[in-house]
Participant: 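Dumping the structure here so I can ask a few things about it.
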Amino acid sequence: ASAHFGLSLMWYHGGGPLNPLVSLFVSGQSGVPFDGVPFELFGLAAWVLLAVMAVTSHDYWLNTLSARIWKAIHMAVYFAYALLVFHIVLGALLTEKSWTYPLLIVIAFGLVASAHYLAARHEMNIDTKPARLQNEGWIKVGRLAEIPMLRAKIIVLPTGERVGVFRDQDIVGAITNVCRHQGGPLGEGKIVDGCVTCPWHGWQYKLEDGVSPPPFQEQVATYNLKLEDDLIYVHSQENPLGQKSETLRLSDFPDGQIPEPDHQEAVDV
């Protein structure tokens with residue numbers, strides 16, 4: 001983006017009597033949807049947003065700003081994308097006689113927007129169906145066989161928080177769905193080397209206490225579990241950070257009967 005900005009600025013606005021940046025701001029043409037506004041300004045605004053995100057992309061800024069603020073800044077990628085669409089469409093409409101190129105841009109925008117909309121709708125449907133609170137704060141998760149091996153079944157607490165109930169061979173435990181790194185969905189990850197591993201960037205946490213393996217020191221919340229008549233229940237109150245949770249050890253079943261999961265470990269594509 002920086003190379004495109006610099007080369008375009010010098011090619012189209014360099015060599016004239018005005019400073020290239022001044023020339024860019026006053027080069028608007030009439031007859032376009034934004035009369036007198038240069039289409040380059042939309043690209044320039046997108047470049048500024050992308051530059052801010054690039055500068056703050058390092059984990060130093062994530063730790064300094066906190067995950068919530070850092071995430072809010074990087075959600076500006078949606079605004080940058082919209083500005084780039086305006087930049088390309090308006091620039092193409094100034095010179096293109098055929099509608100093929102603008103039409104392809106509109107189709108591409110529709111595909112990207114539809115994919116994001118469908119994903120957001122899917123997530124909203126999950127969050128609008130929280131689990132029902134049982135006696136003394138316990139929430140029914142489901143049958144033990146519904147927990148896939150080395151994976152999790154995700155439930156939504158009445159507060160809207162998500163919890164991943166994982167099965168690691170002989171152990172079943174519950175951990176928050178939110179990774180400490182960038183808020184990634186831990187419940188969509190899997191058990192790797194005995195740790196819950198975030199599918200975004202591979203950050204890991206021990207299932208029993210939510211603590212990252214040495215030398216790392218990050219911690220996430222865990223939840224207590226109990227088993228009644230082959231039904232798993234999770235307590236709605238999270239444990240203090242670093243405290244070992246009440247997990248289920250399947251070897252404690254009567255007569256050694258361990259229910260097999262309905263689904264084996266999913267295959268990564």
Side-chain angles (χ1 to χ4, degrees), residues 118-180 183-200 203-211 219-241 243-269:
L118 292 175
R121 183 176 179 180
H122 172 73
E123 296 300 309
M124 291 177 63
N125 288 337
I126 295 176
D127 288 334
T128 55
K129 299 176 182 178
R132 184 172 300 177
L133 199 64
Q134 306 288 327
N135 295 331
E136 299 179 349
W138 290 96
I139 296 172
K140 184 170 69 173
V141 176
R143 296 186 302 110
L144 182 59
E146 295 175 11
I147 312 299
M149 186 66 72
L150 303 182
R151 295 282 185 172
K153 178 178 181 179
I154 300 176
I155 64 167
V156 181
L157 302 180
T159 58
E161 295 291 331
R162 295 188 187 185
V163 174
V165 181
F166 281 85
R167 176 172 177 179
D168 181 14
Q169 304 300 336
D170 187 48
I171 303 295
V172 179
I175 194 170
T176 178
N177 190 62
V178 182
C179 179
R180 283 296 300 274
L186 284 178
E188 296 177 18
K190 63 179 181 179
I191 303 291
V192 178
D193 298 329
C195 294
V196 176
T197 304
C198 182
W200 281 9
W203 284 42
Q204 294 186 308
Y205 309 90
K206 291 181 288 184
L207 185 59
E208 64 271 17
D209 56 13
V211 178
Q219 303 178 60
V220 295
T222 59
Y223 295 80
N224 292 332
L225 293 177
K226 69 175 183 178
L227 184 67
E228 292 183 355
D229 300 327
D230 194 31
L231 289 177
I232 296 178
Y233 293 85
V234 61
H235 201 275
S236 58
Q237 181 65 44
E238 65 182 39
N239 296 316
L241 292 178
Q243 175 180 308
K244 286 193 174 183
S245 62
E246 296 178 8
T247 58
L248 301 178
R249 187 172 295 274
L250 303 186
S251 58
D252 295 337
F253 270 54
D255 302 324
Q257 297 296 322
I258 302 177
E260 291 297 325
D262 289 341
H263 308 284
Q264 295 300 317
E265 178 186 352
V267 177
D268 289 329
V269 178

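Please read all numbers here as calculations on a predicted model, not as lab measurements.
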Participant: Rounded to the nearest 0.5 Å, what's the gap from CG on N239 to OG1 on T176? Could you check?
Facilitator: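 It comes to 11.5 Å.
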
Participant: Would you name the heavy atoms of N177 and E188 that are closest together and state the gap between them?
Facilitator: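 Looks like OD1-N, 4.2 Å.
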
Participant: Which heavy atom of R167 sits nearest to which heavy atom of P148, and what is that distance?
Facilitator: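 Looking at all heavy atoms of both residues, the closest pair is CB-O, 3.8 Å.
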
Participant: Is the number of heavy atoms from other residues, nucleotides or ligands under 6.0 Å of K226 NZ greater than 12?
Facilitator: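 Enclosed.
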
Participant: When rounded to the nearest 0.5 angstrom, what distance separates NZ in K206 from CG in D193?
Facilitator: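 Rounded to the nearest 0.5 Å, the NZ-CG separation comes to 13.5 Å.
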
Participant: Could you tell me whether K244 and D209 make a salt bridge, using a distance below 4.0 angstrom between a side-chain N and a carboxylate O?
Facilitator: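 Not counted as a salt bridge, because no side-chain N and carboxylate O are separated by less than 4.0 Å.
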
Participant: Find out whether L186 and W203 are in side-chain contact, i.e. whether some heavy atom of one side chain is under 4.5 Å from a heavy atom of the other.
Facilitator: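 In short, these two side chains do not touch, never coming nearer than 4.5 Å.
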
Participant: List the steps, then state whether side-chain contact (heavy atoms from CB on, under 4.5 Å) holds for V220 with V178.
Facilitator: CA-CA 8 Å; V220 295; V178 182; over 6 Å; no

Participant: Identify the heavy atoms of F166 and G187 that sit nearest to each other, and give their distance.
Facilitator: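 Taking F166 first and G187 second, the nearest heavy atoms are CZ-CA, 3.9 Å.
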
Participant: Does the side chain of I139 reach to within under 4.5 Å of the side chain of P158, using non-hydrogen atoms?
Facilitator: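 When only atoms from C-beta onward are counted, P158 and I139 do touch, with a gap below 4.5 Å.
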
Participant: Do M149 and Q169 pass the side-chain contact (heavy atoms from CB on, under 4.5 Å) test, and can you show the C-alpha distance, the side-chain angles, and the key distance before you say yes or no?
Facilitator: CA-CA 7 Å; M149 186 66 72; Q169 304 300 336; 4.0 Å; yes

Participant: So do R143 and I232 actually touch side chain to side chain, heavy atoms under 4.5 Å?
Facilitator: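 When only atoms from C-beta onward are counted, R143 and I232 do not touch, as no gap falls below 4.5 Å.
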
Participant: Given W138, which partner from the list Q237, H235, E228 fulfils the side-chain contact (heavy atoms from CB on, under 4.5 Å) test?
Facilitator: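 Checked Q237, H235, E228 against W138; only one passes side-chain contact (heavy atoms from CB on, under 4.5 Å): H235.
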
Participant: Just jot down the salt bridge (charged side-chain N to carboxylate O under 4.0 Å, His left out) partners of E246, sequence neighbours excluded, or say none.
Facilitator: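 Salt bridge (charged side-chain N to carboxylate O under 4.0 Å, His left out) list for E246, sorted by chain: empty.
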
Participant: Should I191 and V196 be marked as a side-chain contact (heavy atoms from CB on, under 4.5 Å) after you check the CA-CA gap, both sets of side-chain angles, and the distance that decides it?
Facilitator: CA-CA 5 Å; I191 303 291; V196 176; 3.6 Å; yes

Participant: Identify the two heavy atoms, one from D168 and one from G194, that lie closest to each other, and give their separation to 0.1 Å.
Facilitator: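 Scanning both residues completely, I find the closest heavy atoms to be OD2-CA, 3.9 Å.
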
Participant: From C179 SG over to Y205 OH, what is the distance, rounded to the nearest 0.5 angstrom?
Facilitator: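 If we round to the nearest 0.5 Å, C179:SG and Y205:OH are 3.0 Å apart.
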
Participant: For the pair V165 and Y223, evaluate side-chain contact (heavy atoms from CB on, under 4.5 Å) and give the outcome as yes or no after the intermediate values.
Facilitator: CA-CA 9 Å; V165 181; Y223 295 80; over 6 Å; no

Participant: What are the two closest heavy atoms between L207 and T222, and how far apart are they?
Facilitator: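 Smallest heavy-atom distance, with atoms named: O-CG2, 4.0 Å.
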
Participant: Please determine whether a side-chain nitrogen of the Lys or Arg among E123 and R162 lies less than 4.0 Å from a carboxylate oxygen of the Asp or Glu.
Facilitator: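 Yes, charged N to carboxylate O under 4.0 Å.
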
Participant: K153: which residues meet the side-chain contact (heavy atoms from CB on, under 4.5 Å) condition with it, sequence neighbours left out?
Facilitator: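 Residues passing side-chain contact (heavy atoms from CB on, under 4.5 Å) with K153: V141, E146, I147.
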
Participant: Identify the two heavy atoms, one from G173 and one from T247, that lie closest to each other, and give their separation to 0.1 Å.
Facilitator: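 Answer, listing the atom of G173 first, then T247: CA-CG2, 4.0 Å.
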
Participant: Is it true that a side-chain atom of S236 and a backbone atom of G137 form a donor plus acceptor pair closer than 3.5 Å?
Facilitator: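 Judged by distance alone, yes, a pair lies under 3.5 Å.
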
Participant: Would you say Q204's side chain and V192's backbone share a donor-acceptor pair under 3.5 angstrom?
Facilitator: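 Present.
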
Participant: State the CD-CD1 distance between E208 and I175, to the nearest 0.5 angstrom.
Facilitator: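 The CD atom of E208 sits 9.0 Å away from the CD1 atom of I175.
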
